[in-house]
Amino acid sequence: MNQAQSGPVERRDEFDDDGTSSGALGAAGSVRLGKYLRRLREGYGYTLRKVEERSLAMGEAIDNSQLSRFEKGKAVPSFDKLRALARVFNVPVQNFSDVLDLEELEALDDEAQDYESLIRSGAAHVAHGEHAKAFVAYERAVELAESTADGLNRLERIAEARWRMACALKAMGKLFMTERELRELLKISSQLPASTRLRCLLQLSYLYRELGDLYLALVLAKECLALCREAGDDQATEAGVLNTMGNIVHDSTKPADAIPYFRESLELAKRMSGHLEMQAMVMTNLGGTLVASGQPEEGIAMLREAHGLASQSGFRRIAALVLTRLAEAMVSRNDLDDARRKLAESDALASRGDTTYHDILFLNAFHRWSLARRDQNGTGEKIAFGRLRHLRPLLQRRFLEVDQFDQHVESARRW
């Protein structure tokens, strides 16, 4: 299974009377899930006995010896136990499914041995769209920082690696895990440079936009912009804030209202050296918005420039997204053959490598579905619909096309 936009995992294990899995995974347990449960418990300051008491009060008994086995990776909890633990620790049960998915990343162990090399290795993986490999490198960097660094330097290193790890999780589509990592970082942000809090708030703004909470996303983005301008020396972050504000405004009002934010963000990004990925991303957003606002010629020119930059620099996700935006532009010009070619090229990029971009694949399938429905192509419509149904459980992201598909399915169910 590819590690991206991962949703609930189907597990066909049997469960024993004590609430542990007796399937293949349960027999060996899950060290990763065990570590995650221990981190949750210690984050709340709970003892094993305290978790037992709270779970019992919620109607699902998890005795401390069971939890100890889970934390040591000797057994995997049943779904009922996981649901109870999710309530105890106030996290979505989806988090546990995502953690189990990450078990498959153990084989991607990074060769780098020291903290600095792991951070550089992770950054290189990110630049090539290999977010699963980046996550592994950053996770290892966190472990090294926790065991070898001292004092404030220790906290700073842990914060840097965990922030990068959260960004990798977000790129992989594990949004609920991302939220928890960022919120844990915010708890210690008062002991760290102000830039750490700013970066965490900005990532949370990105996150809430993707989860569909545009109001909270905009509140956080405005706070970030105020903090950034108060500091006055971080153009890269300011460009990122303006870009996300453009995205939020695009989603919540009219596309044309977002154009000034994207233009200002792009102007800042172009002033700075070494920020080609940000330039390519903002150009993609601006180009797509110009097309949606009735300025197709300028928008298509911007998108083509973004595609050239992304392809040349190896930014696979951006290159795939640009092709999707170009396909949308071709549809608006009724050039359907070219639109289909662009969607096929986007699919090829989005499904290549160690990370599959299921959100882009969903968007492409949605456009094919819409085109087939418009052309009354029953076969094409059924194929695209089947693809959408396959991809939908793999998404935690919310965007317009996801909501439209969900509404269609719900409407069909009522009839």
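Heavy-atom basis, side chains included; hydrogens, waters and symmetry copies ignored. If you're wondering where the values come from, they're calculated on a predicted model, not measured in any experiment.
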Please check if the side chain of [X] supplies one atom and the backbone of [Y] the other of a donor-acceptor pair under 3.5 Å.
X: Arg87; Y: Met58; result: yes
X: Ser265; Y: Tyr261; result: no
X: Ser147; Y: Leu144; result: yes
X: Ser346; Y: Lys342; result: no
X: Ser55; Y: Ala61; result: no
X: Glu401; Y: Leu363; result: no
X: Thr244; Y: Gly240; result: no
X: His125; Y: Ala123; result: no
X: Tyr138; Y: Glu160; result: no

If every non-hydrogen atom of [X] is compared with every non-hydrogen atom of [Y], which pair is closest and at what distance?
X: Phe89; Y: Tyr44; answer: O-OH, 2.8 Å
X: Pro393; Y: Arg389; answer: CD-O, 3.1 Å
X: Leu182; Y: Trp163; answer: CD2-CD1, 4.1 Å
X: Val241; Y: Ala221; answer: CG1-O, 3.4 Å
X: Ile62; Y: Phe70; answer: CG2-CE1, 4.2 Å
X: Ser332; Y: Ala329; answer: OG-O, 2.5 Å

Salt bridge (charged side-chain N to carboxylate O under 4.0 Å, His left out) with Glu53: which residues, sequence neighbours excluded? none
Counting only heavy atoms not in Glu410, do more than 12 fall under 6.0 Å of its CD? yes
Is atom CZ of Arg38 surrounded by more than 12 heavy atoms (other residues, nucleotides or ligands) closer than 6.0 Å? yes
Using the test ring-ring contact (aromatic ring centres under 6.0 Å, His included), find all partners of Tyr208 that sit at least two apart in sequence or belong to another chain. none
Just jot down the ring-ring contact (aromatic ring centres under 6.0 Å, His included) partners of Phe176, sequence neighbours excluded, or say none. none
Does a side-chain N-to-carboxylate-O contact under 4.0 Å join [X] and [Y]?
X: Asp359; Y: Arg317; answer: yes
X: Arg368; Y: Asp347; answer: yes
X: Lys170; Y: Glu210; answer: yes
X: Glu139; Y: Arg32; answer: yes
X: Arg157; Y: Glu116; answer: yes
X: Asp337; Y: Arg341; answer: no

Are any non-hydrogen side-chain atoms of [X] and [Y] less than 4.5 angstrom apart?
X: Val126; Y: His131; answer: yes
X: Asn64; Y: Val51; answer: no
X: Arg197; Y: Glu223; answer: yes
X: Tyr357; Y: Leu361; answer: no
X: Leu175; Y: Gln94; answer: no
X: Ser293; Y: Ile259; answer: yes
X: Leu102; Y: Tyr36; answer: no
X: Glu71; Y: Leu48; answer: yes

Atom [atom1] in [X], atom [atom2] in [Y]: separation rounded to 0.5 Å?
X: Glu381; Y: Leu388; atom1: CD; atom2: CG; value: 10.5 Å
X: Ile360; Y: Leu343; atom1: CD1; atom2: CG; value: 11.5 Å
X: Phe135; Y: Leu169; atom1: CZ; atom2: CG; value: 4.5 Å
X: Glu181; Y: Leu186; atom1: CD; atom2: CG; value: 11.5 Å

Quick one: sort the Phe385 and His408 rings into parallel, tilted or perpendicular, breaks at 30° and 60°. perpendicular
I'd like to know whether Met245 forms a side chain to side chain contact (heavy atoms under 4.5 Å, CB included) with Glu264, so could you lay out the CA-CA distance, the side-chain angles of the two residues, the decisive distance to 0.1 Å, and finally the verdict. CA-CA 11 Å; Met245 289 184 74; Glu264 188 176 356; over 6 Å; no
With sequence neighbours excluded, what pairs up with Gln312 under the side chain to side chain contact (heavy atoms under 4.5 Å, CB included) test? none
Mind running side chain to side chain contact (heavy atoms under 4.5 Å, CB included) on Arg39 and Glu184 for me, showing each step along the way? CA-CA 11 Å; Arg39 181 182 287 183; Glu184 287 298 309; over 6 Å; no
Pairs where residues 237-260 contributes a residue and the test salt bridge (Lys or Arg N to Asp or Glu O under 4.0 Å) is met, not counting sequence neighbours: Arg209-Asp251, Arg229-Glu238
Scan for salt bridge (Lys or Arg N to Asp or Glu O under 4.0 Å) pairs involving residues 266-290, sequence neighbours excluded, and state none if there are none. Glu267-Arg271
Can you see whether Ser117 engages Arg120 through a side-chain donor-acceptor pair at a distance of less than 3.5 angstrom? yes
Residues His128, Arg316; criterion side chain to side chain contact (heavy atoms under 4.5 Å, CB included); working and verdict: CA-CA 7 Å; His128 290 92; Arg316 180 168 64 91; over 6 Å; no
Check the pair Glu146, Lys35 against salt bridge (charged side-chain N to carboxylate O under 4.0 Å, His left out), reporting the backbone distance first and the verdict last. CA-CA 14 Å; Glu146 288 176 339; Lys35 288 180 179 178; over 6 Å; no
Begin with the C-alpha distance, continue with both residues' side-chain angles, and end with the deciding distance and a verdict on side chain to side chain contact (heavy atoms under 4.5 Å, CB included) for Leu40 and Leu85. CA-CA 10 Å; Leu40 285 174; Leu85 288 166; over 6 Å; no
